[in-house]
There are 2 protein chains.
Amino acid sequence: MAAPAEKHDVFKAIADPTRREVLRLLSEDERPISEIVNHFDMSRTAVTKHLQILTEAELISGRKEGREKIYQLHPEPLTEVKQWLAYYEKFWCNKLAMLKHYVEKDNS
Amino acid sequence: MAAPAEKHDVFKAIADPTRREVLRLLSEDERPISEIVNHFDMSRTAVTKHLQILTEAELISGRKEGREKIYQLHPEPLTEVKQWLAYYEKFWCNKLAMLKHYVEKDNS
DNA sequence: TGAATATGTAACCATTTGGTTGTACGTTTA
DNA sequence: TAAACGTACAACCAAATGGTTACATATTCA
């Protein structure tokens, strides 16, 4: 049952603006590939590749329905990013935590 | 005063594991390049390139001190990621928001 | 001064990324 | 059945990415 791990990690997946836009589209509603393609100025093949990368990161999944393939959002893997960010939040939310880093040197 | 915008956006900057590790190191304390290099199994030149990318994303900055260049963390740009994530949090924190997406189809 | 240290940078390279076109295949529908 | 639709996939390509080695420059210290 051990997943073969993520070939594409979620950080790489969300690094591309096109892929972030795909996620936004799918957050509104599930959509077939052809409909997703309409939102971009690139070929269907290019969009399909982005969908594959997002699928490998398990951020989306697609199901065949007739001749269409319908993709839907799975936001859960984004928790990894959230957890990573949480560590750094203290550095900008809690000024006290920044003292160690900035006080002595940046005294201009 | 208008910044020439970010050549490297923060999403690309944090996409690389090496760069995330650099951020973690600098969150502990500011460090000269040579000390950062010691933490990795790659050349100083390679590390320097990562430092440049992080600098362009304004996640770190370096100051010359004698013959050393000392880098320190600037976590502020990460707020952009946090804001982006906030939009998707409702999809995994608030089950109700997911109804529209999953209820009708995923009824197995 | 001269050696050692720390960094800057040019030139190069393999692989990945992000895109293309062309063709094939399954599904509707007239 | 034949045409139209939606998708899959192979082959190809330019540019970006992530790394290297080699050499130059600036600073410290014996």
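No hydrogens, no waters, no symmetry mates; every other heavy atom, side chains included, goes into these values. In what follows, chains are A, B, ... by sequence order, proteins preceding strands, each numbered from 1.
The line from CD1 of Ile36(B) to NZ of Lys69(B) is 11.0 Å long, rounded to the nearest 0.5 Å.
When only modelled atom types and interatomic distance are considered, Ser27(B) and Tyr88(A) share no side-chain donor-acceptor pair under 3.5 Å.
With dT28(C), dA8(D), dC12(C) as the candidates, the nucleotide lying closest to the side chain of Lys69(A) is dA8(D). Proximity note for Thr45(B) (side chain, C-beta onward) versus dT20(C), dT20(D), dT7(D): the nearest is dT20(D). Closest to the Met42(A) side chain, of the nucleotides dG19(D), dG19(C), dG18(C), is dG19(C). Closest approach to the Glu68(B) side chain among dA11(D), dT7(C), dT21(D) is made by dT7(C) (side chain taken as heavy atoms from C-beta onward). For His50(A), the listed nucleotide lying nearest its side chain is dG19(C); candidates were dG19(C), dT7(D), dT7(C). When distances are taken from the side chain of Arg44(A) to each of dT7(D), dT20(D), dG18(C), the shortest belongs to dT7(D).
The CZ atom of Phe40(A) sits 17 Å away from the C1' atom of dT20(C) (whole-angstrom rounding). One atom, NZ of Lys12(B), and another, P of dA16(D), lie 11 Å apart when rounded to the nearest Å. Rounded to whole Å, the distance from CD1 on Ile70(B) to C1' on dA6(C) is 11 Å. The nearest whole Å value for the distance from the CD atom in Glu21(B) to the P atom in dG18(D) is 16 Å. Atom CZ of Arg63(A) is separated from atom C1' of dT27(C) by 17 Å (rounded to the nearest Å). Between the NZ atom of Lys64(A) and the P atom of dG6(D) there is a distance of 12 Å, given to the nearest Å. Whole-Å rounding puts the Glu65(A) CD to dT28(C) P distance at 10 Å. Going from atom CZ of Arg67(B) over to atom C1' of dT7(C) covers 11 Å, rounded to whole Å.
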### Query
Given Glu76(B) and Glu58(B), is the side chain to side chain contact (heavy atoms under 4.5 Å, CB included) satisfied, shown in steps?
CA-CA 8 Å; Glu76(B) 293 83 359; Glu58(B) 300 186 300; over 6 Å; no
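Annotation: cation-pi pair Arg31(A)/Tyr71(A) absent, no NZ/CZ under 6.0 Å from the ring centroid and within 45° of its normal. Judged by a 6.0 Å distance limit and a 45° cone about the ring axis, Arg20(A) is positioned over the six-membered ring of Phe11(B).
Note on Ser43(B): every side-chain N or O is 4.0 Å or more away from OP1 and OP2 of dG19(D).
Between Val47(A) and Gly66(A), the one whose closest nucleotide on DNA chain C sits nearer the 5' end is Val47(A).
Taking 3.5 Å as the limit, the base of dT5(C) and the side chain of Ser34(B) contain no donor-acceptor pair of atoms between them.
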